[in-house]
2 protein chains.
Amino acid sequence: MRDVAQLARVSAMTVSRVLKDDPGVSGATRKRVLTAVKELGYRRNETARSLRLGGSGMIGLVVTNLANPFYSRLALGVQEVAAEQGMRVLLSNTAEQTDRERDLVEDLASHRVEGMIVVPAGSRQEHLAQTMTSMPMVLAARPPAGIDTDCVLVDDFDGAREATAQLLADGHRDLGFLGNPPALYTGAERFRGFWAAHEELGLEPDEHRVRRGLVDIATAEAAAKDVLGGPSAPTALFCTNNRITQGAVRAVRRLGLQTALAGFDNFELADVLGLPLTIVSYDADEIGRQATRLLIDRIKNGTENQQPTRRVVVPTTVIRYGAL
Amino acid sequence: MRDVAQLARVSAMTVSRVLKDDPGVSGATRKRVLTAVKELGYRRNETARSLRLGGSGMIGLVVTNLANPFYSRLALGVQEVAAEQGMRVLLSNTAEQTDRERDLVEDLASHRVEGMIVVPAGSRQEHLAQTMTSMPMVLAARPPAGIDTDCVLVDDFDGAREATAQLLADGHRDLGFLGNPPALYTGAERFRGFWAAHEELGLEPDEHRVRRGLVDIATAEAAAKDVLGGPSAPTALFCTNNRITQGAVRAVRRLGLQTALAGFDNFELADVLGLPLTIVSYDADEIGRQATRLLIDRIKNGTENQQPTRRVVVPTTVIRYGAL
DNA sequence: CTGTTAGCGCCTTCAA
DNA sequence: TTGAAGGCGCTAACAG
């Protein structure tokens, strides 16, 4: 910056003003400075600027698994709104490990992000309380447990309830359930919705056809094969997320069945699989956008004027794909 | 830091030493400092540290479309190696726009990343030359054009050649080609491989069955329907990337055909689609890992000891899925 | 409209 | 083994 100032025969302060679009600079001076900037290929040091200004212009985003399209879409939504507000996003991936999550969050805090959006890996988040004291935090896709923060959720209960109701309306009575760990909020809520849809018709699900604690495509496929091969095989399966649905699709295909499937999260090619498929769909980008709006709102409001904790629920839609 | 120093009754310098694991601090002092750190919830300011040290410990990653699993996997590979080396990754998404790419790259440079990995949106990269003068850069998935940098490529030519050869070996003679824009390196190379496989058998592809310049699932689906509905309909289609293959799958399904498909990039559920599918697969994570290794190597070597430009080629494997 | 001074939080260097 | 001085690059606040 000194070099630019020297070349333009002004002080560093004037260069700073020009680069900041400060109005109080004469046209001629501004032009001289910009010429010098271009000639030297000068680029303002944002690190020094952050230090001086006391804000980095960054927000942190911590997701569990970027390879899952749900999270990459969410990340895109976050980037979109952050960019609108002139902020950058520092992205971290926990690989579903709570201890890594704690480290990454600490690391982001050390880099002075102005706030954080976290998709927590575990079911409770006490380990984030410390960080929360120094900056706002928003949870995405899971509600806070053990801490008090804003969050953006999918309507897990109602989506599961509605999809299950459709299967029941189709005449299915022997439904199976393939779920992620019940300790997770989404797992519990979606199971609750599954159950509620039964109750509304005066039915009760058969626990023998329930498998929970599934964590990836492989475990889901195994569980699906197990249920479908059992004595009281279901005619339809409800799956709590896209990985599990895909495992179930594999199992159904391998066994040569035409079992009806219902599941959370839309996925590509769902429409051309040729299986009867009921999908609870929602806009992952929108979760990211909403979370970012909540976060930036808190950042701009600073510590004063503390609003109560907010909870935004993103609606779901049920989509039906037919057999070929 | 001053507060910690005061509480521990030492100077700020000593606190700095403790936090840096500098050996020249007595055990008793170190313990006092750490206690004070914990009590105050103190966290070192990495921004100030970067400013003083002259290196941010970050590398930039610029991808065209994070929603494409290819890029999210690549990003994970980059994160993995960067983390091993104690560096963080600043991720940006260009949405395939070259002007946005230039801005994002400039922005990363302003934030003093120590190097960058870029998946360029366009076919030439002169606009990156300026930035390259101040830090190392590695291109991923596309070779440099208009600039001179290290790069990591997929074996586009050979993958396309081999997959095409397999279709020909199956007895197909009327192959169609659905390609991304020919101005893109991958588009050109994959088409070249498609052509070469024909030549090796003394055949020549029929240009009437070639459609290029496809950019997403929708355009690919339309093109596939067009070719498959035309007068000299192919019995098999070669697709240059996962979006195009998925468009082709849609078209084939909608038309109720059993056309054999071959394409670049593996995708989930490819094995359960029930169509004859030949996929050129490769490890997207590995591209990210290799690119990061090249980059960090250059960063550590500094400006001196300039090695010549390197080009790493990641191999491909051909996978075959059968009809049901 | 432009310049000077001072300091953001940390660490290198030198001195004790 | 510890501390004091000084500066990384920038800009707010105050002068002129």
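To find a chain, count down the sequence lines: A is the first, B the second, and so on, and within it residues start at 1.
- In this structure B:Glu126 satisfies the side-chain contact (heavy atoms from CB on, under 4.5 Å) test together with B:Arg124, sequence neighbours excluded.
- Between B:Ser11 and B:Leu51, the one whose closest nucleotide on DNA chain D sits nearer the 5' end is B:Ser11.
- Here chain B contacts DNA chain C (any atom closer than 4.0 Å to a heavy atom, that is under 4.0 Å), and the contacts span C:dG9 to C:dT13 from 5' to 3'.
- Of the residues in residues 23-32 of chain A, none has a non-hydrogen atom less than 4.0 angstrom from any atom of DNA chain D.
- Tested against B:Asp283, the residues B:Arg73, B:Gln290, B:Arg289 include a single side chain to side chain contact (heavy atoms under 4.5 Å, CB included) partner, B:Arg289.
- When the C1' atom of D:dT11 is taken as reference, atom CE of A:Met1 falls 8 Å away, rounded to whole Å.
- For the pair B:Arg142 (side chain) and B:Pro120 (backbone), a donor-acceptor distance under 3.5 Å is present.
- Between B:Arg9 atom CZ and D:dT1 atom P there is a gap of 19 Å when expressed in whole angstrom units.
- Between the CZ atom of A:Arg44 and the C1' atom of D:dG9 there is a distance of 12 Å, rounded to whole Å.
- End-to-end axis angle for the helix from C:dC1-D:dG16 to C:dA16-D:dT1, using five pairs per end and rounding to 10°, comes out at 40°.
- Ion pairing between a basic and an acidic side chain is recognised when a charged N comes within 4.0 Å of a carboxylate O; A:Arg243 and A:Asp216 show no such pairing.
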- Kindly determine whether B:Asn180 and B:Thr186 satisfy side-chain hydrogen bond (donor to acceptor under 3.5 Å, both in side chains), including the steps that lead there. CA-CA 8 Å; B:Asn180 48 351; B:Thr186 57; 3.2 Å; yes
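- Evaluation of the ring-ring contact (aromatic ring centres under 6.0 Å, His included) test over residues 105-140 of chain A, restricted to residues two or more places apart or in two chains, returns none.
- Pairs engaging residues 48-60 of chain B under the side chain to side chain donor-acceptor pair (under 3.5 Å) rule: none recorded [sequence neighbours left out].
- In this structure B:Ala95 satisfies the side-chain contact (heavy atoms from CB on, under 4.5 Å) test together with B:Asn93, B:Gln97, sequence neighbours excluded.
- The side-chain contact (heavy atoms from CB on, under 4.5 Å) test applied to B:Pro144 returns B:Gln125, B:Leu139, B:Ile147, B:Thr149, B:Cys151, B:Arg311, not counting sequence neighbours.
- Of the side-chain N and O atoms in B:Thr14, one or more sit less than 4.0 angstrom from OP1 or OP2 of D:dG3.
- We find that CZ of B:Arg2 is positioned 15 Å from P of D:dG3, with the value rounded to whole Å.
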Within the sub-3.5 Å range, which N or O atoms of nucleotides 12-16 of chain D have a protein N or O partner, and how far apart are they?
unit_1, atom_1, unit_2, atom_2, d
D:dA12, OP2, A:Lys20, NZ, 3.1
D:dA12, O4', A:Arg52, NH2, 3.4

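- Side chains of A:Asp150 and A:Thr309: no donor on one and acceptor on the other come within 3.5 Å.
- Legend: ring-ring contact (aromatic ring centres under 6.0 Å, His included) pairs involving residues 2-32 of chain A, not counting sequence neighbours: none detected.
- Applying the side-chain contact (heavy atoms from CB on, under 4.5 Å) criterion to A:Asp3, with sequence neighbours excluded, gives A:Leu40.
- Residues that satisfy the ring pair (Phe, Tyr, Trp, His ring centres under 6.0 Å) test with B:Phe70, not counting sequence neighbours, are B:Tyr282.
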